[in-house]
Structure formats: structure tokens, C-alpha cells
Amino acid sequence: MKRKPHARRGESEKREENDDDAGRRAKKKVRECCKAIGADRMVTLTYRENMVDRETALKHWKAFCRKLGKHKQFHYVAVIEEQERGALHFHVAVTGRQMYALLRSIWQSVLGRGPDGQQMGQVNVRDPHRFGFGQNGAHKLAAYIAKYCSKQMQCRALDQKRYFRSKGIVVPEVDSVRLHCTTMLGAVQAAFSIAAQFGLEGIQSWCNNGLGVVWLSTAPRPKGADMECPF
DNA sequence: AAAGTGGGCCAACGATGTGG
DNA sequence: CCACATCGTTGGCCCACTTT
């Protein structure tokens, strides 16, 4: 078989489609990773000043990761958000209780002090229960973080990452289960009983008779991966 | 026809580990 | 603390199919 020679990066005729494509894929991956680590809190790292330089922001991020990693190993999925005026900040999905004082002091030590000795950044931790993410917050959180991947931003050029994640996040592999049922109702029941093994708290579901698909997502448990059942 | 999925290939980049 | 090296992963590209 013959292959068309690859266009060089950024020079494809389908540039835009490819970009969309990659965005969608990254988005999906981010969602998977959030679920995989059971992310339930969102940390936001911000700058006091209007930071617009992606490169130095990334340096800060890197330094932050290193320092924090020394104290405790942590898993994260992070994205950069860009506000209207171009100000950058980080959204980081993490799991479990955070040591706020530690995060804060590290972030601030990375940024250093301003001319008058003022702190140059802030840290905000969103607790799922107190800030509205609630019981099925994991879904919202994942979706919230993921949306920044497909969003186009000025600060992101060709070849630049859409998101960041710690190593060692294993996205669980897919389990396929054959269902022995012939009706939609039967399928729904079967799917629920499978999902019940992982606990049904905070479950989200969606189904479409026309397409013949049931989609369930279990929230709080560590092993709560998405599952889909076509039949 | 148009849009979406999934896989494979390859290059470039980032996360990490190491040694100066 | 910084520079360098390694290894794994992402991102860009294309193809082959399936869905809409």
C-alpha cells in the first residue's frame, strides 16, 4: 500500500481539522485521567500580576511540581487557562485533602517576591462539598478541566501541550461484557447491576433508545471508570 | 456527504533522574 | 542549584471504518 508522504508539522491542508481532532483526544484523555486518579478537588494557581508569558508560566509550573513532589508524591492533571485579557493561571485536578499551607508556600516561593515584598501569587483549593461540586463532583470536575483542552487559546502554539499530568496514572483498560438480553430495559438493568459492583453513589447515566446505548459513569469509587455497552 | 472513532507512525517535547 | 541525558508521552498527521 502506498502512503502519502507526511506533511511537515503545521503544514497540512487539514491543519484545522487535525487541531480539532487533537483537542478532542486530549479532552477525552484528561477526563479519563481525572477519573483514574479519582480527582475530587481543584487547585487553582494564580498570579497577582497579569501573567501572559506561557513559557515562564510553564517554568513556574515545573518548579512547583518538583518542589511539591519532594514533599509528597502526588498525582495531578493540569491545564492552563487563559482569560480574556490573556492572564494565565493553572487549574489542577487532584485527589484528597490538600495541605493548603504547603501548596501556598511552594507556589509563592517559586514566584518570589515583588519589589515591595508582596507575594506574587495565590492558591485556591476548591473543596467539592463546599463549593458546589458536590456528590457527583468528579464528573463536573473532569468536564470542567477537560474543556480547556479543546478551547483554543492564543498562548498555545503548534506543538505545545494542552494539558499536563503526573506520570504513573494508569488509565484502566476496557472490560467488555457481553449482555444476554434483548430489550432496552433488560440492558439497562444489566448495566446497572454491573455498575453496582462499584457502588452506585453519585452515578450518572444517560441512555438513548434510538441508538441503543446505555451509558453509566460511577463517581466516587477509585475504580469507577466509564463504561459503555453497545449491544 | 459530513462527522466521528480508533489505530499507527514519527518527531518533538516534557517529566524525571542523575551527576557536576 | 543547574545542565545534561533518558525515557515516556503528547501532538500532528494520515488512513480505514462506522455513524449520522
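Lettering of chains follows the sequences in order, A, B, ..., and the numbering in each one begins at 1. None of these values were measured; they are calculated from a predicted model.
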To the nearest angstrom, how far is [X] atom [atom1] from [N] atom [atom2]?
X	N	atom1	atom2	answer
A:D20	C:dC14	CG	P	15 Å
A:E13	C:dG12	CD	C1'	15 Å
A:R24	B:dT5	CZ	P	6 Å
A:W61	B:dG14	CH2	P	14 Å
A:R31	B:dT5	CZ	P	10 Å
A:N18	C:dC15	CG	P	11 Å
A:F164	B:dC13	CZ	P	13 Å
A:K59	B:dG14	NZ	C1'	13 Å

Inset, instruction - Looking at every strand, decide which applies to A:E16 at a 4.0 Å heavy-atom threshold: base, sugar-phosphate, or nothing. - result: nothing
Legend entry - Touch class at under 4.0 angstrom, heavy-atom based, for A:G69 against every strand present: nothing
Legend entry - End-to-end axis angle, where each axis spans five pairs of the helix from B:dA1-C:dT20 to B:dG20-C:dC1, to 10°: 40°
Of the candidate nucleotides [options], which contains the atom at the shortest distance from the side chain of [X]?
X	options	result
A:A7	C:dC14, B:dG14, B:dG17	C:dC14
A:R15	C:dG12, B:dT18, C:dC14	C:dG12
A:K62	B:dT18, B:dA15, C:dC13	B:dA15

Inset, instruction - Please figure out whether A:R8 or A:K67 has its closest DNA chain C nucleotide nearer the 5' end. - result: A:K67
Inset, instruction - For A:Q122, check side chain to side chain contact (heavy atoms under 4.5 Å, CB included) against everything at least two apart and list the hits. - result: A:T46, A:Y100, A:R104, A:Q108
Legend entry - Set of side chain to side chain contact (heavy atoms under 4.5 Å, CB included) partners for A:Q118, sequence neighbours left out: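 With sequence neighbours excluded, A:Q118 shows a side chain to side chain contact (heavy atoms under 4.5 Å, CB included) to A:R48, A:P115, A:D116, A:M120, given in chain and number order.
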Inset, instruction - List the protein contact pattern of nucleotides 5-11 of chain C with one symbol per nucleotide (5' to 3'): B for base contact, S for sugar-phosphate-only contact, - for none; contact means a heavy-atom distance under 4.0 Å. - result: ---SSSB
Legend entry - A:E49 atom CD, over 12 foreign heavy atoms within 6.0 Å: no
Inset, instruction - Answer yes or no: does atom NZ of A:K147 have more than 12 heavy-atom neighbours from other residues, nucleotides or ligands under 6.0 Å? - result: yes
Partners meeting salt bridge (Lys or Arg N to Asp or Glu O under 4.0 Å) with [X] (sequence neighbours left out):
X	result
A:R66	none
A:E11	A:R8
A:R162	A:D19

Inset, instruction - Examine distances only and state if a side-chain atom of A:E16 and a backbone atom of A:K14 form a donor-acceptor pair shorter than 3.5 Å. - result: no
Legend entry - Which residues share a ring pair (Phe, Tyr, Trp, His ring centres under 6.0 Å) with A:H60, sequence neighbours left out: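 Scan of A:H60 (ring pair (Phe, Tyr, Trp, His ring centres under 6.0 Å), adjacent residues dropped) gives A:Y47.
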Legend entry - Sequence-distant partners of A:Y76, ring pair (Phe, Tyr, Trp, His ring centres under 6.0 Å), two or more places apart: A:W61, A:F74
Inset, instruction - State whether A:S166 places a side-chain N or O below 4.0 Å from either non-bridging phosphate oxygen (OP1 or OP2) of B:dA15. - result: no
